[in-house]
Amino acid sequence: MCALAFVPPEDVPNVFDIFHNEVPEEFIPISTYFEVNYIRGIRAIGRRNAVKVRCPPALWNQYDSVLHGVARTNNATEGWHNRFQILVGRSHSSLYSFLTELQKEQADVEYMLRELNLGKKAKNVPNEKFLRVEERIITIVENYQDYVDEDRELAYLNTIGYHLHM
């Protein structure tokens, strides 16, 4: 199911149907839950109200992000936020202490930028395995239409899924 995030948003329902038809019986409740909450919702029948999708594919889909080289996670932002919260020392600080810490953070960032301009290497350079996996995912996503043309959508999901869990 994770690989569905790498299918174009407009194709997600159709590819999900192909996937859902191949799901082992014991996983059908999970697949159905995913369909209701993340793909289609529930259509209104008779007096029953429709249930809207909680998180439509446009919110969680990563297909365009991969093609445009955009980060797929917000880990860098979360890391900065956690670090800054530790620096401030509490969740709800006074305005003065918050501004003081923000000025210190700005000075640190300007210092790091100067170091990078002078040729110093960044601290967290992705390792080779991560870069290889990313390159493979990009190549697979770029070839999505070839899989569709050959009616191999399940092979596409399997290939993406394999590389996501390396």
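Computed from heavy atoms alone, side chains included, the values below leave out hydrogens, waters and symmetry copies. On a predicted model such as this, the values are computed, not experimentally measured, just so you know.
- Taking both residues in full, the closest heavy atoms of Phe27 and Val23 are given as CB-CG1, 3.5 Å, listed atom of the first, atom of the second, then distance.
- Side chain to side chain, Asn82 and Glu78 fail the donor-acceptor criterion of an N or O pair below 3.5 Å.
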Practice prompt. Decide yes or no on side chain to side chain contact (heavy atoms under 4.5 Å, CB included) for Met112 and Val109, but give the supporting numbers first.
Written response: CA-CA 5 Å; Met112 285 188 283; Val109 169; 4.2 Å; yes

Decide side chain to side chain contact (heavy atoms under 4.5 Å, CB included) for Val12 and Ile39; before the verdict, give the C-alpha distance in whole Å, the side-chain angles of both, and the deciding distance to 0.1 Å.
CA-CA 7 Å; Val12 168; Ile39 297 179; 4.1 Å; yes

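- Of all heavy-atom pairs spanning Ile137 and His163, the tightest one is CG1-CB, 3.9 Å.
- Annotation: side chain of Leu157 is in contact with side chain of Leu4 (closest heavy-atom distance under 4.5 Å).
- At distances below 3.5 Å, not a single donor-acceptor pair connects side-chain atoms of Asn143 with backbone N or O atoms of Asp146.
- Taken from OH in Tyr162 to CG in Leu164, the straight-line distance is 12.0 Å, to the nearest 0.5 Å.
- If you chain together hydrophobic residues whose side chains sit under 4.5 Å apart, Val51 and Val53 never meet in one group.
- From Asp108, atom CG reaches atom CD of Gln106 across 10.5 Å, with rounding to the nearest 0.5 Å.
- Between the side chains of Ser94 and Ser97, at least one donor N or O lies within less than 3.5 Å of an accepting N or O.
- For the atom pair CD (Gln62) and CG (Leu67), the distance works out to 11.0 Å, reported to the nearest 0.5 Å.
- At least one side-chain heavy atom of Val15 sits under 4.5 Å from a side-chain heavy atom of Tyr144.
- Residues Pro9 and Pro57 share a closest heavy-atom pair of O-CB, 4.4 Å.
- Nearest heavy atoms, Gly161 versus Ala3: N-CB, 3.9 Å.
- Using a 4.5 Å cut-off on side-chain heavy atoms (C-beta onward), Met1 and Ile30 make contact.
- Taking 4.5 Å as the limit, some side-chain heavy atom of Thr159 sits within range of a side-chain heavy atom of Tyr147.
- Taking CG from Asn158 and CZ from Arg152, the interatomic distance works out to 10.0 Å, rounded to the nearest 0.5 Å.
- Not a single side-chain hydrogen bond (donor to acceptor under 3.5 Å, both in side chains) links Arg114 to another residue, sequence neighbours left out.
- For Arg132, the side-chain hydrogen bond (donor to acceptor under 3.5 Å, both in side chains) test picks out no residue, with sequence neighbours left out.
- Under the side-chain hydrogen bond (donor to acceptor under 3.5 Å, both in side chains) criterion, Ser31 pairs with His20, sequence neighbours left out.
- Counting heavy atoms from C-beta outward, Val7 and Tyr63 have side chains that stay 4.5 Å or more apart.
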Please test Phe6 against Trp60 for ring pair (Phe, Tyr, Trp, His ring centres under 6.0 Å), starting from the C-alpha separation and ending with a verdict. CA-CA 10 Å; Phe6 297 90; Trp60 50 264; 9.7 Å; no

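- Taking the salt bridge (Lys or Arg N to Asp or Glu O under 4.0 Å) definition, one finds that Glu135 meets it with nothing, sequence neighbours left out.
- Residues satisfying the side-chain hydrogen bond (donor to acceptor under 3.5 Å, both in side chains) test with Tyr33, not counting sequence neighbours, are none.
- Closest approach of Ile140 and Ile160 over heavy atoms only: CG2-CD1, 3.5 Å.
- Side-chain atoms of Asn37 never come within 3.5 Å of backbone atoms of Cys55 as a donor-acceptor pair (strictly under, hydrogens ignored).
- Between Tyr38 and Arg54 there is no side-chain heavy-atom pair separated by less than 4.5 Å.
- Transitive grouping of hydrophobic side chains (ILVMFWY, heavy atoms separated by less than 4.5 Å) keeps Val36 and Phe34 in distinct clusters.
- Each salt bridge (Lys or Arg N to Asp or Glu O under 4.0 Å) pair with one or both residues in residues 8-33, not counting sequence neighbours, appears once here: Asp17-Arg40.
- A heavy-atom distance below 4.5 Å is not found between the side chains of Glu105 and Glu101.
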